[in-house]
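What follows is a set of notes on a single structure, which appears directly below.
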Amino acid sequence: MTLLVTGYEPFGDHNENPSAMVACEIDGEEIAGHEIIGHVLPVEFDRTAEEMRNLIETHDPTAIVATGLAAGRAGISVERVGINVNDCGSTPDNANVEPRNERIRPDDRAGYFATLPVVSVVEELLERGIPAHVSNSAGTHLCNNVLYSTRAYLEDKANTAPMGFVHLPCTPGMAAEQARVGNGTSGASVKPSLSLAMQAEAIRRTFEVTLRDE
Ligand code: PCA
């Protein structure tokens with residue numbers, strides 16, 4: 001029995017991505033008799049959804065938590081919904097693909113809800129002293145794309161494995177580096193951050209609550 005966690009490779013002007021680090025950190029750990037499979041996905045609109053589908057077909061996970069970086073968010077964001085939009089804003093993907101106001105699946109519905117118990121997960125994280133909230137928008141870049149595409153795929157296959165997406169903030173090291181190059185000493189702001197250890201713990205707890213509520 002397995003649990004699948006994915007992170008994303010670095011993208012845009014970030015040279016690290018805590019979601020990839022968390023996926024590698026907890027890869028191989030066990031939760032309630034399930035082995036965690038950690039995998040890093042490409043930040044590419046043309047590849048991510050298919051790579052996720054292949055992972056699901058290979059590992060047949062009991063639950064799936066995809067994660068990615070949302071630099072500037074103040075804590076752990078448990079996403080409620082993925083929407084049927086690809087729009088990269090000002091950040092092309094890592095293959096320089098730049099979708100604008102496109103549909104992910106043109107004939108499909110506007111949104112798919114995450115099937116993780118998002119409210120229970122956030123309650124648990126808050127009880128454990130981990131700053132977290134339910135987020136009502138995963139944006140329109142690849143994080144939203146993998147949430148929408150994977151939920152659509154699972155519905156197509158009548159696969160009831162709970163699946164959702166968790167946005168992670170910067171690590172303290174990333175926030176310090178960005179303030180260093182971004183005029184922090186001249187009064188510019190510093191981004192909020194959480195330690196990698198706390199971020200990894202948040203994902204372990206997300207799986208625990210999901211299995212408990214199954
Ligand atoms: N964050 C981006 C894409 C990859 C990542 O880690 C997002 O929030 O969509």
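For ligands, and for the atoms within them, numbers begin at 1 and follow the listed sequence.
Nearest protein heavy-atom neighbour of atom 3 (C) of ligand 1: Cys143 SG, 3.5 Å. Protein heavy atom nearest atom 5 (C) of ligand 1, with residue, atom name and distance: Phe11 CE2, 3.3 Å. Annotation: atom 4 (C) of ligand 1 to nearest protein heavy atom, Tyr8 CD1, 3.5 Å.
Listed by atom number, the atoms of ligand 1 under 4.0 Å from His167 heavy atoms are 7 (C), 8 (O). Below 4.0 Å from some heavy atom of Gly68 lie the following atoms of ligand 1, by number and element: 6 (O). Residue contact check: Asn17 has heavy atoms under 4.0 Å from atoms 5 (C), 6 (O) of ligand 1.
Using a 4.5 Å heavy-atom threshold, the side chains of Thr160 and Leu154 count as separate. When side chains are defined from C-beta on, Met198 counts as touching Pro131, because their heavy atoms get closer than 4.5 Å.
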Query raised in the report: For Thr206 and Leu116, what are the C-alpha separation, side-chain angles and deciding distance, and is it a side-chain contact (heavy atoms from CB on, under 4.5 Å)?
Result: CA-CA 8 Å; Thr206 300; Leu116 296 178; 4.1 Å; yes

Query - Derivation and outcome, side chain to side chain donor-acceptor pair (under 3.5 Å), residues His141 and Thr91 - result: CA-CA 8 Å; His141 209 282; Thr91 310; 5.2 Å; no

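Classification of Arg212 and Glu208 as a salt-bridged pair fails, no side-chain N sitting under 4.0 Å from a carboxylate O.
In Asn145, neither the side chain nor the backbone holds a heavy atom less than 4.0 Å from any atom of ligand 1.
Glu79 meets the side-chain hydrogen bond (donor to acceptor under 3.5 Å, both in side chains) test with Arg73, Ser135, His167; sequence neighbours excluded.
Of the options Leu69, Asp93, Leu41, the smallest heavy-atom separation from atom 1 (N) of ligand 1 is shown by Leu69.
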